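Model, not experiment: these values are computed from the prediction.
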Amino acid sequence: MNKCGLILFSGIVPALSGCAGIQSALDPAGPAAATLFRLIWSFSALCLVIWMLVIAALAATIVRQPQARPEPLRLNHRHDLAAQRIVAIATLLTAIVLVVLTLASFLANRSLAAIGNEPGVTIEVIGHQWWWELRYQNDEPSKIVTTANEIHIPIGEPIRLVVSSTDVIHSFWVPSLAGKLDLIPGRSNILTLQADTAGIYRGQCAEFCGAQHAHMGMLVVAEPRPVFEAWLNHQLEPAQPPRTASQEVGQHLFLIRTCVMCHRIAGTLAGGTVGPNLTHIASRKTLAAAALPMSRGSLAAWLADPQGIKTGAHMPTSLLDGDELNQIVAYLEHLK
Ligand code: CUA
């Protein structure tokens with residue numbers, strides 16, 4: 001490899017390796033993301049070629065010696081004709097490029113629409129400031145699973161997401177799996193999501209929606225069908241009853257303090273629907289819309305100072321002493 005190639009290569013490889021990962025449109029893991037990936041690269045490659053041609057023409061003009069013109073006011077028909085031809089060719093090429101790009105967009109749109117004509121799983125995704133409510137649809141109301149911020153899907157199947165919002169406009173975006181779609185209050189939009197590789201993908205709200213827009217993340221866990229079904233069946237079960245004295249007190253505190261006003265824990269008297277459903281909160285990998293990893297420490301920190309972690313979030317600071325905090329955390333971390 002020559003020196004120039006080496007410089008280019010050493011620049012591109014680290015730059016592109018930064019594009020891999022669980023939240024990257026340049027690292028597709030499903031058919032929709034792959035279609036968009038091809039579209040991004042074809043646009044970028046074509047634009048790069050055009051840019052290089054323009055720069056080459058500019059360089060040639062700068063380098064070339066201007067012809068000596070003893071009488072600058074005299075018309076030069078040959079010169080004018082050549083200039084006209086160049087402009088005509090450039091206009092034609094521009095038109096062709098526009099048509100090619102439009103066609104590429106149209107074809108990409110068509111293949112996006114072709115994904116998932118018969119989805120097996122339908123999930124309602126409801127945007128809230130600043131978290132995601134998820135409802136797995138079922139014809140039997142008792143089999144509807146409600147959870148938050150962590151979407152489990154079976155691999156290799158188109159998943160139908162019906163997205164809407166209760167407050168402001170949000171935007172659902174899991175770059176590794178599909179394009180963006182807005183969540184609009186009073187309206188339902190449909191997005192098809194498909195993951196072909198098992199794994200965990202990160203998503204992010206992609207429309208500014210207030211103070212904690214940046215902390216409105218989510219995870220998509222793509223897994224084989226049997227694992228997904230086991231997860232779904234487990235989510236349908238009511239919460240684990242407390243096992244230790246500490247968990248027992250924790251549950252009691254949960255039910256007599258403000259927690260109960262906003263959160264639901266199936267199998268208890270807590271039936272709030274303002275905040276995330278906590279029936280199986282400890283089975284999730286993150287807390288506070290992917291702002292914190294799920295752990296005892298995170299739960300305690302979030303309960304003790306939600307406003308310090310997500311300023312402006314609708315979760316109020318609860319007035320708990322150290323023992324009470326420990327007991328509620330003991331109860332919540334037991335809700336697998
Ligand atoms: Cu929700 Cu940004």
Side-chain angles (χ1 to χ4, degrees), residues 1-21 23-115 169 171-182 184 189-192 204-209 213-214:
M1 194 182 298
N2 63 24
K3 201 173 156 196
C4 205
L6 195 69
I7 292 170
L8 198 67
F9 189 72
S10 61
I12 285 175
V13 169
L16 287 184
S17 64
C19 302
Q23 185 178 310
S24 172
L26 300 178
D27 192 6
T35 301
L36 292 169
F37 174 78
R38 283 194 295 273
L39 191 66
I40 293 168
W41 275 114
S42 53
F43 266 60
S44 304
L46 194 57
C47 290
L48 180 71
V49 169
I50 293 167
W51 180 79
M52 281 162 72
L53 287 175
V54 170
I55 294 298
L58 184 67
T61 315
I62 291 170
V63 168
R64 212 175 58 175
Q65 293 291 331
Q67 274 178 354
R69 294 178 69 179
E71 287 177 75
L73 290 182
R74 224 179 110 184
L75 292 176
N76 181 343
H77 286 295
R78 255 183 56 196
H79 184 266
D80 286 356
L81 208 64
Q84 270 178 15
R85 261 191 213 135
I86 291 174
V87 171
I89 291 171
T91 310
L92 188 69
L93 283 177
T94 308
I96 291 172
V97 165
L98 276 177
V99 169
V100 167
L101 291 180
T102 308
L103 203 67
S105 288
F106 171 75
L107 290 175
N109 248 332
R110 248 181 40 156
S111 60
L112 285 180
I115 301 167
I169 298 177
S171 180
F172 182 95
W173 193 30
V174 185
S176 308
L177 299 181
K180 294 174 192 171
L181 190 66
D182 278 2
I184 299 168
N189 286 334
I190 311 269
L191 179 74
T192 306
Q204 172 65 42
C205 179
E207 177 85 40
F208 181 72
C209 55
H213 156 70

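Between the CZ atom of Phe106 and the OG atom of Ser111 there is a distance of 10.5 Å, given to the nearest 0.5 Å. Within the model, atoms CD1 of Ile115 and OG1 of Thr192 stand 7.0 Å from one another, a figure rounded to the nearest 0.5 Å. For the atom pair CZ of Phe172 and CG of Leu191, the computed distance is 6.5 Å after rounding to the nearest 0.5 Å. For the atom pair NE2 of His213 and CD of Glu207, the computed distance is 8.0 Å after rounding to the nearest 0.5 Å. For the atom pair CG (Leu107) and OG1 (Thr35), the distance works out to 10.5 Å, reported to the nearest 0.5 Å. Here Ser105 contributes atom OG and Leu39 contributes atom CG; the two are 5.0 Å apart, rounded to the nearest 0.5 Å.
With contacts defined as side-chain heavy-atom distances shorter than 4.5 Å, the pair Leu36/Leu112 qualifies. A 4.5 Å side-chain heavy-atom check between Trp173 and Gln204 finds every atom pair outside the cut-off. Contact of the Trp41 side chain with the Leu26 side chain is registered, since non-hydrogen atoms from C-beta on lie closer than 4.5 Å.
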Residues 75-89 side chain polar contacts: donor-acceptor under 3.5 Å, at least two apart:
residue, atom, partner, partner atom, Å
Asn76, OD1, Arg78, N, 3.3
Asn76, OD1, His79, N, 3.1

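Scanning all heavy atoms of the two residues, the minimum distance from Ser176 to Ser24 falls at OG-N, 3.2 Å. Summarising the geometry of Ala33 relative to Ala178, their closest heavy-atom pair is CB-N, 4.0 Å, with the distance given to 0.1 Å. In plain terms, the two heavy atoms of Gly21 and Asp27 that are nearest each other are N-OD2, 2.9 Å. Residues Ala25 and Phe37 come closest through the heavy atom pair O-CD1, 3.7 Å.
Between the side chains of Asp182 and Ser171, at least one donor-acceptor pair of N or O atoms lies under 3.5 Å.
When each of Val97, Val99, Leu103 is checked for a side-chain contact (heavy atoms from CB on, under 4.5 Å) with Leu101, only Val97 meets the rule.
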